[in-house]
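To start, the structure itself, in structure tokens.
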Amino acid sequence: MSVHHVDTTGSLPSGAPPASARWWTLGIVTLATSMLMIDLTSVNVALPSVRTAFEIGNLADLQWVLDAYSLTLGVFLLTAGALADRYGRKSMFLLGFALFSAASLACGLAWDGWSLNIARGVQGIGAAALFAIGPALIAQEFSGKERAQALGVFAGGYGVAIAGGPVVGGVLTEYLDWRWIFLVNVPLGVFAVIAGALRIPDRGDRTPHANDWAGLVTFSAAMTMLVFAILRGNTEGWGSALIVGLFVASAILLVVFVGIERARGPRALLDLSLFRIVSLDSLAAVTVLLMGSSLAAIFLLMSFVQVELGHSPMATGLRLLPMSAVMMVIGGVAGALTAKVSPRWLLGIGSLAVGAGMISVPLLLKSDSSWTALLANFLLIGVGMGIFNPTRAAMAINVVEPARAGMSNGVSETFQQIGVALGIAVFGSFFEARVANHFAASDVGQQIGRAAHDQGKAAAAAGSSVLSPLPDGLGARAVSAAHTAVVDGLNNMMTVGAVLLASAAVIGFVFTRDRDLHESWQDDAGEQAAATSSREQVAERI
């Protein structure tokens with residue numbers, strides 16, 4: 001999936017639209033990615049309402065509202081980039097925006113859980129085109145320091161959308177209906193498609209080649225089986241024939257996929273030679289660990305605040321405002337630093353900040369705590385994500401020559417979305433299992449007997465209050481024990497996440513190499529160093 005003939009000079013070819021078109025491009029791409037991330041994070045707040053509306057009984061089924069979107073987004077990112085090569089970036093970007101908007105309408109009109117999940121999956125396909133192609137559109141319109149500034153704006157909008165999504169979702173869910181989280185995308189999408197058709201320059205960037213359908217099918221099937229196995233592991237049993245079979249089949253298909261890509265060479269869906277770049281491998285690993293841990297944490301914490309602590313959707317979203325504010329400020333600063341500071345420091349420090357936020361939960365959250373025990377978590381995750389988002393966006397483009405910027409970004413975005421899908425699936429399953437085990441081990445759970453494990457799973461999905469109707473005077477005691485189990489399960493999950501993020505920090509510090517970065521970054525960094533040296537020499541003369 002290569003991207004050819006990218007104009008990185010920032011100038012427009014003869015007969016092209018005026019220079020202001022590049023700012024339109026930046027605005028439309030930023031709007032697109034902001035909408036995508038709002039749709040990912042705002043749904044967290046709406047999940048209890050969705051569960052009630054469609055009578056979804058367990059956490060694994062509820063997680064598919066998030067994972068159907070993240071999974072198809074991650075799977076089709078590479079294909080979207082390949083199709084953009086063949087048919088043009090502008091055309092495929094606008095087609096993706098139209099598909100995303102139409103699927104948003106279908107989500108808003110869904111009549112049951114299955115129809116919502118299918119529409120969410122289609123939404124993810126449209127989102128894949130926007131994620132894969134958007135940064136490449138920015139890269140071809142800007143160069144040098146202006147590109148760093150543009151990527152800072154892009155990543156800032158992206159970061160604010162992640163943090164602000166729960167606020168938007170809470171307001172819409174409480175004062176209108178959860179369906180409006182999706183329906184508001186429709187007019188915005190129509191505007192963006194029309195504006196994009198008129199304002200985004202068409203560079204004629206088409207390099208026809210055969211589509212890698214074999215690679216697409218094997219990769220899609222492998223990832224779908226993997227996530228489905230993780231989601232259903234607790235329900236079906238990790239040692240069951242179904243789950244083991246899915247894991248084995250996924251591993252086999254991934255091996256087949258690698259073989260297909262090697263055989264296809266330059267026509268492959270994924271150019272495997274990219275993984276010879278150590279810094280890109282480092283970025284991919286940090287992205288999976290950080291995004292998987294942080295988005296799973298936000299998912300579970302929002303559910304805890306709303307379902308377990310009893311806050312309304314809007315009140316739950318408002319409690320994310322500290323994260324939103326910190327992420328916005330830090331994201332703007334980090335966007336400017338991407339052209340001046342080695343990404344190893346930004347990746348490492350960002351991972352440590354998020355990890356510190358996660359370990360703060362088991363240190364501060366007790367069974368009688370209020371939501372303020374989570375405030376340190378919100379602030380530190382905001383700092384870490386604010387640093388990481390612009391760094392990832394800039395590094396994915398700077399780690400290769402401009403002609404392969406779109407492909408490299410597609411790889412980075414793929415690992416990001418797969419990290420989100422797997423993180424929510426793995427941590428959601430782990431959290432559910434820990435809550436069930438903690439409740440079953442409690443005095444009340446032992447009195448209930450074999451059914452206690454299933455009761456614990458119900459508490460993990462719908463809150464401890466779901467056990468209040470238990471007979472024989474067990475209700476009140478079961479609710480108290482289940483609440484403690486939920487807190488303990490959340491603390492267990494956050495501890496594991498903190499360990500993974502410490503690993504991500506080590507990877508970022510050790511395996512990110514400045515020499516892997518393309519000369520465009522090094523030129524900007526060199527200019528900064530030269531300017532600093534000049535100032536020092538002047539000061540010495542004075």
Side-chain angles (χ1 to χ4, degrees), residues 34-73 99-124 126-127 160-190 231 295-296 298-321 323-324 371 420-421 424 428 458 460-463 465-466:
S34 298
M35 290 170 62
L36 306 184
M37 294 314 298
I38 285 176
D39 257 33
L40 180 63
T41 58
S42 65
V43 175
N44 285 319
V45 179
L47 285 179
S49 300
V50 173
R51 183 185 63 242
T52 301
F54 296 144
E55 299 181 352
I56 299 174
N58 60 70
L59 188 63
D61 289 340
L62 192 63
Q63 285 168 203
W64 272 109
V65 178
L66 299 176
D67 279 320
Y69 178 74
S70 295
L71 181 61
T72 55
L73 200 166
L99 181 62
F100 176 82
S101 302
S104 295
L105 178 62
C107 289
L109 300 177
W111 58 90
D112 60 15
W114 279 104
S115 61
L116 176 60
N117 290 341
I118 291 171
R120 286 283 280 169
V122 176
Q123 217 186 10
V160 170
I162 291 177
V167 180
V168 174
V171 172
L172 292 175
T173 300
E174 185 161 346
Y175 289 104
L176 294 173
D177 186 83
W178 64 265
R179 296 176 183 274
W180 281 98
I181 290 175
F182 305 108
L183 294 176
V184 294
N185 291 333
V186 179
L188 290 174
V190 171
L231 279 173
L295 267 294
I298 292 173
F299 164 63
L300 291 173
L301 288 173
M302 290 301 92
S303 177
F304 177 79
V305 171
Q306 187 173 351
V307 175
E308 193 63 31
L309 299 185
H311 293 287
S312 69
M314 187 184 74
T316 300
L318 289 175
R319 279 157 176 76
L320 261 290
L321 280 178
M323 182 189 294
S324 305
W371 77 273
V420 171
I424 291 174
S465 61
V466 75

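Hydrogens, waters and symmetry mates play no part in the numbers below; they use all other heavy atoms, side chains included. We're numbering straight along the sequence, starting at 1.
- Between Ser101 and Gly189 the shortest heavy-atom distance is OG-CA, 3.2 Å.
- In this structure, CG on Asn117 lies 11.5 Å from CD on Gln123, to the nearest 0.5 angstrom.
- Thr173 places no side-chain N or O within donor-acceptor distance of the main-chain N or O of Gly170, the cut-off being under 3.5 Å.
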Derivation and outcome, side-chain contact (heavy atoms from CB on, under 4.5 Å), residues Leu36 and Tyr69: CA-CA 10 Å; Leu36 306 184; Tyr69 178 74; 3.5 Å; yes

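- For Trp371, the CH2 atom is densely surrounded, since the number of other residues' heavy atoms within 6.0 Å is greater than 12.
- For the atom pair Ser49 OG and Asp177 CG, the distance stands at 7.5 Å (nearest 0.5 Å).
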Test side-chain contact (heavy atoms from CB on, under 4.5 Å) applied to Trp178 and Thr52, step by step: CA-CA 11 Å; Trp178 64 265; Thr52 301; over 6 Å; no

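- We find the CG-CZ distance between Leu309 and Arg319 to be 9.0 Å, quoted to the nearest 0.5 Å.
- Residues Arg51 and Val307 form a side-chain contact, since some pair of their non-hydrogen atoms from C-beta on lies under 4.5 Å apart.
- Closest approach of Arg179 to Leu109, counting heavy atoms only: NH1-C, 3.6 Å.
- A distance of 10.5 Å separates CG of Leu300 from CE of Met302, quoted to the nearest 0.5 Å.
- Scanning all heavy atoms of the two residues, the minimum distance from Ala103 to Ala119 falls at CB-O, 3.7 Å.
- Contact detail for Ile298 and Met323: the closest heavy-atom pair is CD1-SD, 4.0 Å.
- To the nearest 0.5 angstrom, Ser312 atom OG is 7.5 Å from Tyr175 atom OH.
- Here the side chain of Thr72 pairs a donor or acceptor atom with the backbone of Ala68 at under 3.5 angstrom.
- Counting heavy atoms from C-beta on, the side chains of Phe182 and Leu116 come closer than 4.5 Å.
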Evaluation steps, side-chain contact (heavy atoms from CB on, under 4.5 Å), between Ser104 and Leu183: CA-CA 6 Å; Ser104 295; Leu183 294 176; over 6 Å; no

